[in-house]
Visitor: 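Got a structure for you, questions after.
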Amino acid sequence: MTRVFSGIKPTGNVHLGNLLGALVHWVDDQHRAESTYCVVDLHALTVPQDPAELRATSMRLAQILLAVGLDPEVCTLFVQSHLTEHTELTWLMECTASYGELSRMTQFKDKSDKAAFVSGGLFTYPALMAADILVHDTDEVPVGDDQRQHVELTRDIAERFNSRYGTTFVVPRATYPPAGARVMDLQDPTSKMSKSEDTASGTILFDDDPTVIERKFKRAVTDNDAEVRFDVAAKPGVSNLLSILGAATGRTPEQAAEGYTQYGPLKADAAAAVIELLGPMQARFAELTADPGETARLLAAGAAKAREVASTTVTRAKANIGLLPSSSA
Ligand code: AMP
Ligand code: TRP
């Protein structure tokens, strides 16, 4: 069976872009593939974090993943730092990736240009991501566009390791969410909805209540020609509303456009569809937060399940690269 792996960082708040662009597809994938999902807390450490906040955000993200429908009976859900195999394999990845390859990562260039403090971890981050993927014998990695280059590097590292030391890793490939799954900011529909932006009124957050959601959609930027049509270049705002309405109701944006002649009803229906999608998730989230012990138990079980494949992969990689076994057993 195809093995799927993906990770999400516990930083900031989960928003509608994460949900429609990634998480709802993870939920679908768990039924067609052997799926493993990870709260990648070690990746959050590339920039300084407040310890108490990191702990709280990691727990909250795990609860959101459960609330949106990842079922620990069906998929494997765990927290990255609970598996030492990820960091153990990272060193082998760092020694297989070249300095030149790591220097060419566009995300490193973007982030290091902006940051006051550039950690060594920010530079070697793609080696940790390669370890995340390869340690689970992954075939498919669902990711957004911005992670494409990191998955390409992961493939190169896997192929280089396999050719130097003998077949060790499955060579994975990136998969992308269906077109139209890119959710744009409601106030600035030419940029992606994101958790770090300060355009609060353009971002729908996981825990926004119905009144807030209605208000944000009502104020969404459209245009003046009052024609409802899916055309991302000419009509970015309206097209974004159609993408959201379509994605939230299982239709294409073109199908979602049918029957609308005015922006008011389109905005109201997009808001209603999002409220209907989020409502049950928010209710499950509230139940989960009432019993954090239960989430901790599920995450421990997830880590134990994930470790079965991960420890075998690390043992194989260490043996193939020539590290001496630690016991004769
Ligand atoms: P990030 O929030 O950038 O850490 O991304 C976590 C996941 O959500 C990745 O798979 C992204 O591709 C996806 N994602 C983030 N923002 C959006 C967006 N505006 N539209 C669609 N997918 C998104
Ligand atoms: N780097 C990814 C991001 O910023 C998160 C991530 C870490 C990831 N490890 C991964 C995604 C492994 C897919 C597979 O979104």
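Start at 1 and go down the list; that is how both ligands and their atoms are numbered.
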Visitor: Numbering the atoms of ligand 2 from 1, which are under 4.0 Å from a heavy atom of K9?
Guide: 4 (O)
Visitor: Using 30° and 60° as the class boundaries, would you call the ring planes of W26 and Y37 parallel, tilted or perpendicular?
Guide: parallel
Visitor: Under 4.0 angstrom from ligand 1, any heavy atom of M184?
Guide: no
Visitor: Using a plain distance cutoff, I'd like to know if A22 has any nitrogen or oxygen under 3.5 Å from a nitrogen or oxygen of ligand 1.
Guide: no
Visitor: Is R297 salt-bridged to E294, cutoff N-O under 4.0 Å?
Guide: yes
Visitor: Does a side-chain heavy-atom distance below 4.5 Å link L122 with S119?
Guide: yes
Visitor: Given H15, Q147, R148, which one has a non-hydrogen atom that is nearest to atom 16 (N) of ligand 1?
Guide: H15
Visitor: Going by the order shown, which atoms of ligand 2 are within less than 4.0 Å of some heavy atom of Y125?
Guide: 1 (N), 2 (C), 3 (C), 4 (O)
Visitor: State the NE2-CD1 distance between H150 and I133, to the nearest 0.5 angstrom.
Guide: 10.0 Å
Visitor: Numbering the atoms of ligand 1 from 1, which are under 4.0 Å from a heavy atom of R182?
Guide: 20 (N), 21 (C)
Visitor: For the 3.5 Å polar cut-off, considering only N or O atoms, please tell me whether V143 and ligand 1 meet it.
Guide: no
Visitor: What is the minimum heavy-atom distance between R229 and S239, and which atoms define it?
Guide: O-OG, 4.0 Å
Visitor: Just so I know, are the side chains of D139 and V4 near enough to count as touching, which here means a heavy-atom distance under 4.5 Å?
Guide: no
Visitor: Among all protein heavy atoms in this structure, tell me which lies nearest to atom 3 (C) of ligand 2, with the distance rounded to 0.1 Å.
Guide: Q147 NE2, 3.3 Å
Visitor: Relative to ligand 1, is K9 under 4.0 angstrom through side chain, backbone, both or neither, heavy atoms considered?
Guide: neither
Visitor: Relative to ligand 2, is V143 under 4.0 angstrom through side chain, backbone, both or neither, heavy atoms considered?
Guide: side chain
Visitor: Output yes when the distance from some N or O of ligand 2 to some N or O of H150 is under 3.5 Å, and no in every other case.
Guide: no
Visitor: Pull out every atom of ligand 2 sitting under 4.0 Å from any heavy atom of V141, numbered as shown with elements.
Guide: 13 (C), 14 (C)
Visitor: Just verifying a value: how many Å separate L16 CG and L186 CG, rounded to the nearest 0.5 Å?
Guide: 8.0 Å
Visitor: Heavy-atom contacts with F5 under 4.0 Å: which atoms of ligand 2 show up? List them by number with element.
Guide: 12 (C), 14 (C)
Visitor: Measure the distance from atom 5 (C) of ligand 2 to every protein heavy atom, then report the residue, atom name and distance (to 0.1 Å) of the closest one.
Guide: G7 O, 3.7 Å
Visitor: Quick one: look at I133 and ligand 2, take heavy-atom pairs under 4.0 Å, and tell me if it's side chain, backbone, both or neither.
Guide: side chain
Visitor: Using a 3.5 Å cut-off on N or O atoms only, is N18 in polar contact with ligand 1?
Guide: yes
Visitor: Classify the ring geometry of F123 against Y99: parallel below 30°, tilted from 30° to 60°, perpendicular beyond 60°.
Guide: tilted
Visitor: Can you confirm, on distance only, whether ligand 2 has an N/O atom lying under 3.5 Å from any N/O atom belonging to D132?
Guide: yes
Visitor: Relative to the heavy atoms of G21, which atoms of ligand 1 are at a distance of less than 4.0 Å?
Guide: 21 (C), 22 (N)
Visitor: For the backbone of T84 and the side chain of T87, can you confirm whether one donor and one acceptor N or O come within less than 3.5 Å of each other?
Guide: yes
Visitor: Counting each atom of ligand 2 from 1 as listed, which ones have a heavy atom of V40 under 4.0 Å away?
Guide: 7 (C), 9 (N)
Visitor: Using a plain distance cutoff, I'd like to know if I8 has any nitrogen or oxygen under 3.5 Å from a nitrogen or oxygen of ligand 1.
Guide: no
Visitor: If the plane angle is over 60° it's perpendicular, under 30° parallel, otherwise tilted; pick one for F285 and F206.
Guide: perpendicular
Visitor: Can you name the atoms of ligand 1, numbered from 1 with element, that are less than 4.0 Å from a heavy atom of V183?
Guide: 18 (C), 19 (N), 20 (N), 21 (C)
Visitor: As an exercise, identify every atom of ligand 1 less than 4.0 angstrom from a heavy atom of G144.
Guide: 10 (O), 12 (O)
Visitor: Atom CD1 of I157 and atom CG of L153: how far apart are they, to the nearest 0.5 Å?
Guide: 4.0 Å
Visitor: Are D71 and Q30 close enough that a side-chain donor and a side-chain acceptor fall under 3.5 Å?
Guide: no
Visitor: Examine distances only and state if a side-chain atom of S35 and a backbone atom of A33 form a donor-acceptor pair shorter than 3.5 Å.
Guide: yes
